[in-house]
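Reading through the structure tokens given below for one structure.
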Protein chains: 2
Amino acid sequence: MAFKEQIHLYMNHYSTIYKDELFNHILPFWTEHSLDREYGGYFTCLDRRGGVFDTDKFMWLQGRQVWLFSSIYNKIETRSSWLDIAVHGASFMEKHGRDEEGNWYFSLDRQGKALVQPYNIFSDCFAAMGFGALYTATQEQRYAEIAQDTFHNILKRRTHTKGIYDKAVPGTRPSKNFALPMILSNLSIELEHLLEPNLVQELIEDIVVEVMDVFYKEEQGLVFENVSPNGSLLDSFEGRLLNPGHAIEAMWFMMDLGERLQRPALIEKAMRIGLRMLEHGWDEKYGGIFYFMDAQGKPTQQLEWDQKLWWVHCETLVCMAKAWVLTGNEEAKRWFERVHEYTWTHFRDPEHGEWFGYLNRRGEVLLDLKGGKWKGCFHVPRALWKVYEVFEKAKIIV
Amino acid sequence: MAFKEQIHLYMNHYSTIYKDELFNHILPFWTEHSLDREYGGYFTCLDRRGGVFDTDKFMWLQGRQVWLFSSIYNKIETRSSWLDIAVHGASFMEKHGRDEEGNWYFSLDRQGKALVQPYNIFSDCFAAMGFGALYTATQEQRYAEIAQDTFHNILKRRTHTKGIYDKAVPGTRPSKNFALPMILSNLSIELEHLLEPNLVQELIEDIVVEVMDVFYKEEQGLVFENVSPNGSLLDSFEGRLLNPGHAIEAMWFMMDLGERLQRPALIEKAMRIGLRMLEHGWDEKYGGIFYFMDAQGKPTQQLEWDQKLWWVHCETLVCMAKAWVLTGNEEAKRWFERVHEYTWTHFRDPEHGEWFGYLNRRGEVLLDLKGGKWKGCFHVPRALWKVYEVFEKAKIIV
């Protein structure tokens, strides 16, 4: 068989199973179990079988599910049932989700009464992302406005995201966190159709430098979660903190930017950093990627450091698939296969749909929930979709 | 051998090893490794061998170490080296530890610059406890004043402990937390020599009701971590939360109050609740006591729920030793022996002193630190001391 045909067969294999998993085992779980028909919005605290074990509604996860269903409607197929689900969540968010200044609450109770204040800017990030995609699907002007207002509010809060809920004493040990530039790199592309072209251009250039030259340190070959405002390393718990999955996720955002900006060097560098973080984060003893690490090998503050989390592995699959297809790097291919093997045998639940979220170091299920306060309808379906999309595109090129 | 002699032998056995451990393996670790001779205060981030791996200073742990060294000076032996250590930490705290309103910061950097705001009232609780004990040791009036001012400040902040750092939206799901009444029950006795007798009496009566009739629910036989202000159960993550070690620790505080108030029924009830929480929290598969549980068996929010923590086991040893000696209950005796066996074989480090703090569910060391952000010089020495003290007193009675 010719090389080209082998590649095609190989990619068909993965495309097929990723697609089947997405449409037959993941999306049905959420369409069947997550809609609150009585009060609106989505339940995300779902047990192994999809039973609702808690009814609180976390804005972060509501926004993500709006985005997911809007996006598959926009980009895969215009099924009206998908759009209905997106609108279902968005209506609840629109009605109850914001305080008087337009900040998104962290959580609401089932009926929509605010429970936890807007201390977390990621609620806003995913609200903007969700409403932006919903606007594309519906062309409803007010969805565009919610997305735009929220995005500008994020930029306004950018340097002091926790606002009055920040417990750090100003000035003693100033730092900046990797999460916001990382999400903004993805968000500014997601919302491009709603933003000033100059703003997007400026943001992107800014963020590429932040991620690739400030939070990534060539000397250590590591992406740090927190650095000082001038970019220097901090010798503290926060300053030593690594989150390999977070860094690897950022690297596929960077590869997307590399494609968009037509900068092969950026793609190449993102691929190398992604590989480096993956090698560093891989648990040689039991397999899987650690959740947290200390850059100097000191004890972490996080007791859950050695656990294996679904999203870390989902994002790594996307990153390695892209890295391999975009650069042809054989190491990326081998890592894709290795992480695929680990992920599908440990996180997947062949019986009840969706994947487990939390495994212990040995890869045993630690909490058998399918959704909770931090896990919703997002990483698993997005990863399955992105991976098969990468392979399908690749087949056209190869 | 007569029964009385057997009991004496048995108790001698435990007294001897607990005493030896305290004086030869625990206290030396802290006296040798924790003092910052350059900037004052204590290092608590100590690795397995006692090496300093981080220099931040957590007020909660500083206060606890001041208390520990003051208390053993007051109650075991007036060694001046112990008093010096207590004064060493107290001076640093006095100089740097409080904001302008007298609230204790959560943490300072090595030099004493404030890092994290006073969002956590337990910093204040342990500062009061430390300075109260140091006053007894030194009769320095200003130490008494610091303890008193802090105690009154705690009472002032009692209903809204997190102040401006509270992220809960007021009114939606009001609740009260078990931790403060539980600590106040211990603190009001510790500071009795500095407080108005009426205030102490009133507080104690109040707290006994809160702990034994409000947070403890007879129907479930469980102590809940959070209830609504009127005492009813809340069906939410927080409302379903159990922390067996926390409840068991509270039960030995209750037994102390029972002795003091000469209420055998209170001792008896505390013993029963302690046993019930221990049976509920015990991991039948791997041994040890779970860190967190959900009262309805639903998934917890806490990823570290199945870990085995040193303080949980230390407090349980104290509780079961007291329960057994004060009531003669055979179940308490068996549980003391079972928890002793688990604790001494899993947490103890025969090589480098002090005990490990964090084990995974299987009882393997998860983080090999001896001290950190939450572990300092407190639970291990206090438990060893309390246990041998209980047995020595018992030998006089039996």
Side-chain angles (χ1 to χ4, degrees), chain A residues 45-48 51 53-56 99 105-109 111 113-120 162 164-173 235-237 239-240 291 294 296-307 309 357-358 360-362 364 366-374, chain B residues 45-48 51 53-56 99 105-109 111 113-120 162 164-173 235-237 239-240 291 294 296-307 309 357-358 360-362 364 366-374:
Chain A
C45 295
L46 300 172
D47 65 22
R48 186 177 174 190
F53 71 87
D54 194 277
T55 58
D56 284 355
D99 72 6
Y105 289 111
F106 180 74
S107 64
L108 312 177
D109 68 7
Q111 287 76 16
K113 261 182 101 174
L115 267 175
V116 176
Q117 303 281 11
Y119 75 95
N120 190 311
K162 291 186 195 165
I164 58 165
Y165 305 102
D166 195 346
K167 293 181 293 200
V169 174
T172 304
R173 188 185 291 153
D235 188 11
S236 65
F237 281 107
R240 294 186 300 267
Y291 188 10
D294 183 286
Q296 297 177 27
K298 294 177 172 185
T300 60
Q301 257 183 58
Q302 290 79 5
L303 299 185
E304 64 274 28
W305 71 274
D306 71 344
Q307 296 177 8
L309 268 68
Y358 303 93
N360 66 18
R361 182 170 177 187
R362 280 179 163 80
E364 299 157 338
L366 176 74
L367 290 169
D368 71 354
L369 56 78
K370 294 295 172 53
K373 185 176 175 179
W374 305 104
Chain B
C45 295
L46 301 171
D47 67 21
R48 185 176 175 191
F53 71 87
D54 195 276
T55 57
D56 284 354
D99 72 7
Y105 289 111
F106 180 74
S107 65
L108 312 177
D109 70 6
Q111 286 76 15
K113 260 182 100 176
L115 267 174
V116 176
Q117 303 281 11
Y119 76 95
N120 191 313
K162 292 185 193 165
I164 58 165
Y165 304 102
D166 195 346
K167 294 181 291 199
V169 174
T172 303
R173 189 184 290 153
D235 188 11
S236 66
F237 281 107
R240 294 186 300 267
Y291 187 11
D294 182 286
Q296 297 176 28
K298 294 177 172 184
T300 60
Q301 256 182 60
Q302 290 80 6
L303 299 185
E304 64 274 29
W305 71 273
D306 72 344
Q307 296 177 8
L309 269 69
Y358 303 93
N360 66 17
R361 181 169 177 187
R362 279 179 164 81
E364 298 158 342
L366 176 74
L367 291 169
D368 71 354
L369 56 78
K370 295 294 174 54
K373 185 175 175 181
W374 306 104

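Numbers restart at 1 for each chain; the letters A, B, ... are given by sequence-line order, proteins then strands.
In this structure, the portions of A:Phe237 lying under 4.5 Å from any heavy atom of chain B include both its backbone and its side chain. Neither the backbone nor the side chain of A:Arg361 comes within less than 4.5 Å of any heavy atom in chain B. For A:Asp235, the part sitting under 4.5 Å from any heavy atom of chain B is the backbone (N, CA, C, O) and nothing else. Looking at A:Thr55, neither its backbone nor its side chain comes within 4.5 Å of chain B, counting heavy atoms on both sides. Residue A:Trp374 does not touch chain B at all, counting heavy-atom pairs closer than 4.5 Å. Neither the backbone nor the side chain of A:Asp99 comes within contact range of chain B, judged by heavy atoms closer than 4.5 Å. The contact between A:Phe53 and chain B is made by backbone and side chain atoms together, counting heavy-atom distances below 4.5 Å.
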Pair A:Tyr165-B:Tyr165, ring pair (Phe, Tyr, Trp, His ring centres under 6.0 Å): steps then yes or no: CA-CA 5 Å; A:Tyr165 305 102; B:Tyr165 304 102; 8.5 Å; no

Test side chain to side chain contact (heavy atoms under 4.5 Å, CB included) applied to B:Tyr105 and B:Val116, step by step: CA-CA 6 Å; B:Tyr105 289 111; B:Val116 176; over 6 Å; no

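Note that CG of A:Asp294 is 7.5 Å distant from OG1 of A:Thr300, once rounded to the nearest 0.5 Å.
When each of A:Leu367, A:Asp166, A:Leu115 is checked for heavy-atom pairs under 4.5 Å with chain B, A:Leu115 comes out on top. For the options A:Asp109, A:Asp306, A:Leu108, A:Asp56, heavy-atom pairs under 4.5 Å to chain B are most numerous at A:Asp56.
Residues that satisfy the side-chain hydrogen bond (donor to acceptor under 3.5 Å, both in side chains) test with B:Asn360, not counting sequence neighbours, are B:Glu364.
Under the 3.5 Å distance criterion, with hydrogens and angles disregarded, no donor-acceptor pair is assigned to the side chains of B:Lys167 and A:Gln117.
Nearest heavy atoms, A:Phe106 versus A:Asn120: CD1-CB, 4.0 Å.
The number of heavy atoms from other shown groups lying within 6.0 Å of NZ (B:Lys373) is above 12.
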